[in-house]
Amino acid sequence: SLAACTAYDVVAILRKQRQDLRGLEAIVSCTQDPEPPWRFRAIHVSWVVTGDVDLHKAERAVALAEGKYCSVAATLRDVVDLSYDVRVEPAG
């Protein structure tokens, strides 16, 4: 849910910035408690942006999406350690 919510906003932000976004992938890893109900303790999302996209703009789009617009991130932020990284790969 976190990745989908954030991705929606990342795509919208990069389109408004007229970036040539060709693909967006979220690779999610997490740490959970070993016993039920397996509460999430940390969630990390590695964003892979494909296309002719400026890295700084991609990083800013993810920061805005996760920090300001994504309701799932806003709900989780106080109880789960959220982190991310961004990399840009050329299309082709």
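The structure displayed is predicted, hence computed values, not measured ones. Positions are given from 1, in the same order as the sequence printed here. Hydrogens, waters and symmetry mates are skipped; everything else that's a heavy atom, side chains included, is used.
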Do you know which two heavy atoms are closest between T50 and A91, and how far apart they sit?
CG2-CA, 3.8 Å
State plainly whether one hydrophobic cluster holds both L55 and V45, where clusters connect Ile, Leu, Val, Met, Phe, Trp and Tyr through side-chain heavy atoms under 4.5 angstrom apart.
yes
Rounded to the nearest 0.5 Å, how far apart are CD of Q32 and CZ of F40?
4.0 Å
Would you mind listing the cluster partners of V48? Hydrophobic ones only (ILVMFWY), side-chain contacts under 4.5 Å, chaining allowed.
I27
If every non-hydrogen atom of W47 is compared with every non-hydrogen atom of A3, which pair is closest and at what distance?
CH2-O, 3.4 Å
Report the C-alpha separation of D85 and H44 in whole Å, then their side-chain angles, then the decisive distance to 0.1 Å, and conclude whether the side-chain hydrogen bond (donor to acceptor under 3.5 Å, both in side chains) test is met.
CA-CA 8 Å; D85 64 85; H44 181 82; 2.5 Å; yes
side-chain contact (heavy atoms from CB on, under 4.5 Å) for R39 and V79? Distances and angles first, verdict last.
CA-CA 10 Å; R39 184 174 180 263; V79 294; 3.5 Å; yes
Run the numbers on R41 and D33 for side-chain contact (heavy atoms from CB on, under 4.5 Å), then give the verdict.
CA-CA 7 Å; R41 295 298 176 171; D33 287 342; 2.7 Å; yes
Answer yes or no: does atom CZ of R15 have more than 12 heavy-atom neighbours from other residues, nucleotides or ligands under 6.0 Å?
no
Test side-chain contact (heavy atoms from CB on, under 4.5 Å) on L2 and V28; report intermediate values, then the result.
CA-CA 9 Å; L2 174 65; V28 181; over 6 Å; no
Is there a side-chain contact between V10 and L24, using heavy atoms and a 4.5 Å cut-off?
yes
Any chance you could measure E25, atom CD, to R87, atom CZ, to the nearest 0.5 Å?
7.5 Å
To the nearest 0.5 Å, tell me how far K57 NZ sits from Q17 CD.
5.5 Å
Here the pair of heavy atoms bringing D20 nearest to R22 is OD1-NE, 2.9 Å
Given 3.5 Å as the limit, does a donor-acceptor pair link the side chain of R77 with the main chain of E66, or not?
yes
Locate the shortest heavy-atom distance separating C70 from D9; write the atom from each residue and the value.
N-OD2, 3.8 Å
Side chain of Q19, backbone of L14: donor and acceptor closer than 3.5 Å?
no
For the residue pair V53 and V88, what are the closest heavy atoms and their distance?
O-CG1, 3.4 Å
Once rounded to the nearest 0.5 Å, what's the spacing between atom CG of D81 and atom CD1 of I43?
9.5 Å
Which hydrophobic side chains are connected to L64, either touching it within the sub-4.5 Å cutoff or through other members that do?
I13, Y69
